[in-house]
Amino acid sequence: MSTIDPALLVLEDGTVHEGTAYGARGSRLGEAVFATGMTGYQETLTDPSYARQIVVQTAPHIGNTGVNDEDPESRRIWVAGYVVRDAARRPSNWRSRRSLDEELVAQDVVGIQGVDTRAVTRHLRTAGAMKAGIFSGEAASRPVAELVDEVRSQPSMKGARLAEEVTTEQAYVVEPSGHGWQGEPLAVVAALDLGIKTMTPVRMAERGLRVHVLPATASFADIEAVSPDGVFLSNGPGDPATAATQVGLLREVLDAGVPFFGICFGNQILGRALGFGTYKLPFGHRGINQPVMDHLTGKVEITSQNHGFAVDAPVGETTTAPESRYGRVQVSHSSLNDGVVEGLRCLDIPAFSVQYHPEAAAGPHDSAYLFDRFVELMKVKDNA
């Protein structure tokens with residue numbers, strides 16, 4: 001570990017937690033949220049949906065297996081800051097290439113260790129996600145009142161438009177032949193990258209789908225140019241109320257009758273395209289142990305989630321979409337913790353979505369069948 005420097009986690013309500021510096025030194029601002037996964041810290045750090053957020057890990061021991069070059073879910077670490085209780089002093093894993101502390105320093109991520117993350121989590125569960133800042137080294141010696149003012153002055157996550165900041169700059173293709181598929185591709189998918197995770201197109205490629213990953217700014221003409229059999233909208237950060245461009249794009253896709261599948265941010269965009277509203281959750285769902293009910297089968301899935309916004313749609317009934325041309329809609333999945341909408345299924349057009357992450361690198365894999373459902377949806381359309 002590097003030299004010990006003081007560090008502070010400061011919340012907008014004036015709460016201050018003392019610790020020591022972890023990773024880079026300096027100041028970072030963001031929205032404080034907690035993630036409940038016991039494993040997969042490397043996947044968490046590199047999930048673009050965490051952009052502009054300070055992640056508090058509820059698992060006490062972090063960094064035990066170091067950092068490898070196989071598990072990142074994107075091209076870089078996206079969290080604004082990182083809060084842990086007990087940081088590993090020495091990593092131990094056959095795939096480890098460097099320590100997590102070294103990786104945080106290399107990517108200029110400011111963190112804090114030695115914090116009672118259980119206390120922070122309980123506070124956030126009561127008060128809700130809030131603006132926060134991590135201050136280490138010389139920055140931690142500034143007056144607390146000054147730090148609190150700086151934390152409070154940062155923009156809110158509500159109203160934040162971030163997908164364009166994390167998306168790929170250039171379109172690229174993920175071929176099924178590179179992921180164990182033998183023979184010709186079954187279908188072509190146009191995937192809009194709103195903060196897509198590496199494993200998502202891989203899960204599709206494993207099932208024989210050629211995936212064209214397009215930037216968040218892609219137009220309907222860009223989608224048509226790859227002649228897709230289906231369209232996919234990925235997870236991503238920010239407020240779905242700011243995604244008017246992507247909502248309009250999806251309506252063009254739905255009007256054209258192209259099969260659609262959305263994950264996380266893609267679920268929220270489908271909700272808005274259908275005419276439903278979205279809202280900010282008090283503290284969101286983040287972690288790999290979130291229970292969800294599939295209302296079609298009655299089965300419970302343990303899911304991987306990372307979202308702070310949700311769709312406002314009626315659970316337990318079939319309703320006509322507010323945008324009535326899209327016909328009937330059902331809430332297909334809901335959270336068993338708080339009843340939040342976790343999926344939508346359109347009955348009159350070929351479209352469905354879920355709020356969680358069926359690709360689930362680091363697990364669980366209860367929801368992997370959803371990619372098969374997307375394949376079947378495209379097959380039905382081709383045979384119609």
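Fair warning: this is a prediction, and the values are worked out from it, not measured in the lab. The chain is numbered in sequence order, starting from 1. As a basis for the values below, the full set of heavy atoms in this structure was taken, side chains included, without hydrogen atoms, waters or symmetry mates.
A salt bridge links Asp348 to Arg328: at least one charged side-chain nitrogen sits closer than 4.0 Å to a carboxylate oxygen. Under 4.0 Å is where a charged nitrogen must lie from a carboxylate oxygen, and between Arg325 and Asp255 at least one such pair does.
Here the side chains of Leu370 and Tyr356 are in contact, with some heavy-atom distance below 4.5 Å. Residues Pro358 and Ile263 form a side-chain contact, since some pair of their non-hydrogen atoms from C-beta on lies under 4.5 Å apart. Side-chain contact between Gln330 and His295: absent, with no pair of heavy atoms (C-beta onward) separated by less than 4.5 Å. The closest side-chain heavy-atom distance from Glu359 to Val202 is not below 4.5 Å. Val292 places none of its side-chain heavy atoms less than 4.5 Å from the side chain of Gln355. Residues Arg373 and Phe261 form no side-chain contact, since every pair of their non-hydrogen atoms from C-beta on lies 4.5 Å or further apart. For the pair Leu344 and Val331, the minimum side-chain heavy-atom distance is below 4.5 Å. Here the side chains of Leu162 and Met157 are in contact, with some heavy-atom distance below 4.5 Å.
Contacts classified as side chain to side chain donor-acceptor pair (under 3.5 Å) and involving residues 51-61 (residues at least two apart or in different chains) are given here: Glu31-Gln53, Gln57-Tyr82. For residues 140-156, the side chain to side chain donor-acceptor pair (under 3.5 Å) pairs, not counting sequence neighbours, are Arg142-Glu146, Arg142-Glu150.
For Tyr41 (side chain) and Leu100 (main-chain N/O), no donor-acceptor pair under 3.5 Å exists by modelled atom type. Within the 3.5 Å criterion, the main-chain N or O of Thr198 finds a donor-acceptor partner in the side chain of Glu73. Not one N or O on the side chain of Thr168 forms a donor-acceptor pair closer than 3.5 Å with the backbone of Ala171. Counting only distance, with no hydrogens or angles, the side chain of Asp312 and the backbone of Gly277 share no donor-acceptor pair below 3.5 Å. With Arg122 contributing its side chain and Val120 its backbone, the two residues share no donor-acceptor pair below 3.5 Å. Using a distance-only test at 3.5 Å, with no hydrogens or angles considered, a donor-acceptor pair links the side chain of Thr121 to the main chain of Thr117. A side-chain donor-acceptor contact under 3.5 Å links Asp366 to the backbone of Ile302. A donor-acceptor pair under 3.5 Å is formed between the side chain of Asp222 and the backbone N or O of Ser219. The main-chain N or O of His333 is never found under 3.5 Å from a side-chain atom of Glu342 such that the two would form a donor-acceptor pair. Between the Arg97 side chain and the Arg95 main chain, a donor and an acceptor come within less than 3.5 Å of each other.
Going from atom CG of Asp47 over to atom CG of Asn235 covers 5.5 Å, rounded to the nearest 0.5 Å. Atom CZ of Phe34 is separated from atom CZ of Arg286 by 8.0 Å, given to the nearest 0.5 angstrom. With rounding to the nearest 0.5 angstrom, the CG atom of Leu250 is 10.5 Å from the CZ atom of Phe220. In this structure, CD in Gln305 is found 9.0 Å from OG in Ser367, a value given to the nearest 0.5 Å. Once rounded to the nearest 0.5 Å, the distance linking CG of Leu281 with NE2 of His307 reads 6.0 Å. Distance check: Ile196 CD1 to Leu233 CG gives 9.5 Å after rounding to the nearest 0.5 Å.
Of the N and O atoms on the side chains of Ser99 and Asp101, not one donor lies less than 3.5 Å from an acceptor on the other residue. Using a 3.5 Å distance cut-off with no hydrogens or angles, the side chains of Arg272 and Thr278 do pair a donor with an acceptor. For the residue pair Gln268/Tyr279, the side-chain donor-acceptor check at 3.5 Å is not satisfied. No side-chain donor-acceptor contact under 3.5 Å links Ser96 and Asn68. Asp338 and Ser335 share a side-chain donor-acceptor pair at under 3.5 Å.
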Is there a side chain to side chain contact (heavy atoms under 4.5 Å, CB included) between Ile288 and Glu43 once you walk through the steps?
CA-CA 11 Å; Ile288 58 176; Glu43 291 88 345; over 6 Å; no
Asn93 and Thr65: CA distance, side-chain angles, deciding distance, side chain to side chain donor-acceptor pair (under 3.5 Å) verdict:
CA-CA 5 Å; Asn93 185 269; Thr65 56; 5.3 Å; no
Going through the checks in order, is the salt bridge (charged side-chain N to carboxylate O under 4.0 Å, His left out) test met by Glu323 and Arg251?
CA-CA 10 Å; Glu323 289 289 331; Arg251 283 176 175 161; 3.7 Å; yes
Let's go through Asp108 and Arg28 carefully: what are the C-alpha distance in whole Å and the side-chain angles of both, what is the deciding distance for salt bridge (charged side-chain N to carboxylate O under 4.0 Å, His left out) to 0.1 Å, and is it a yes or a no?
CA-CA 10 Å; Asp108 197 30; Arg28 290 293 185 276; 2.7 Å; yes
Tyr22 vs Asp5, test: side chain to side chain donor-acceptor pair (under 3.5 Å). Steps then yes/no.
CA-CA 9 Å; Tyr22 188 44; Asp5 289 316; over 6 Å; no
Derivation and outcome, salt bridge (charged side-chain N to carboxylate O under 4.0 Å, His left out), residues Arg207 and Asp372
CA-CA 8 Å; Arg207 289 162 169 79; Asp372 299 315; 2.8 Å; yes
How far apart are the C-alpha atoms of Glu164 and Gln246, what are their side-chain angles, what is the distance that settles it, and do they pass the side chain to side chain donor-acceptor pair (under 3.5 Å) test?
CA-CA 11 Å; Glu164 287 81 2; Gln246 288 80 22; 3.1 Å; yes
Please test Arg98 against Glu103 for salt bridge (charged side-chain N to carboxylate O under 4.0 Å, His left out), starting from the C-alpha separation and ending with a verdict.
CA-CA 7 Å; Arg98 51 205 169 273; Glu103 187 73 358; 2.6 Å; yes
Between Thr46 and Arg76, does the side chain to side chain donor-acceptor pair (under 3.5 Å) criterion hold? Intermediate values first, please.
CA-CA 6 Å; Thr46 55; Arg76 49 165 282 198; over 6 Å; no
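By the neighbour-count criterion of 12 heavy atoms within 6.0 Å, atom CD of Glu224 is densely surrounded, having more than that number from other residues, nucleotides or ligands. Counting heavy-atom neighbours within 6.0 Å of Gln182 CD, excluding the residue itself, gives a total of 12 or less. The 12-atom threshold is not exceeded at CD of Glu169, counting heavy atoms of other residues, nucleotides or ligands nearer than 6.0 Å.
Val311 and Phe283 are assigned to two separate hydrophobic clusters, defined by single-linkage of ILVMFWY side chains at heavy-atom distances under 4.5 Å. In the hydrophobic cluster analysis, where Ile, Leu, Val, Met, Phe, Trp and Tyr join through side-chain heavy atoms closer than 4.5 angstrom, Val211 is grouped together with Leu377. Under the 4.5 Å side-chain contact rule for hydrophobic residues, Val258 and Val188 do not share a cluster.
Between Phe232 and Phe260, the distance from one ring center to the other does not fall under 6.0 angstrom. For His212 and Tyr172, the ring centers are positioned 6.0 Å apart or more.
Among Val174, Val189, Val173, the single residue meeting the side chain to side chain contact (heavy atoms under 4.5 Å, CB included) criterion with Pro201 is Val174.
Between Phe352 and Phe374, the ring planes are perpendicular. Angles over 60° get that label, and only those under 30° would be called parallel.
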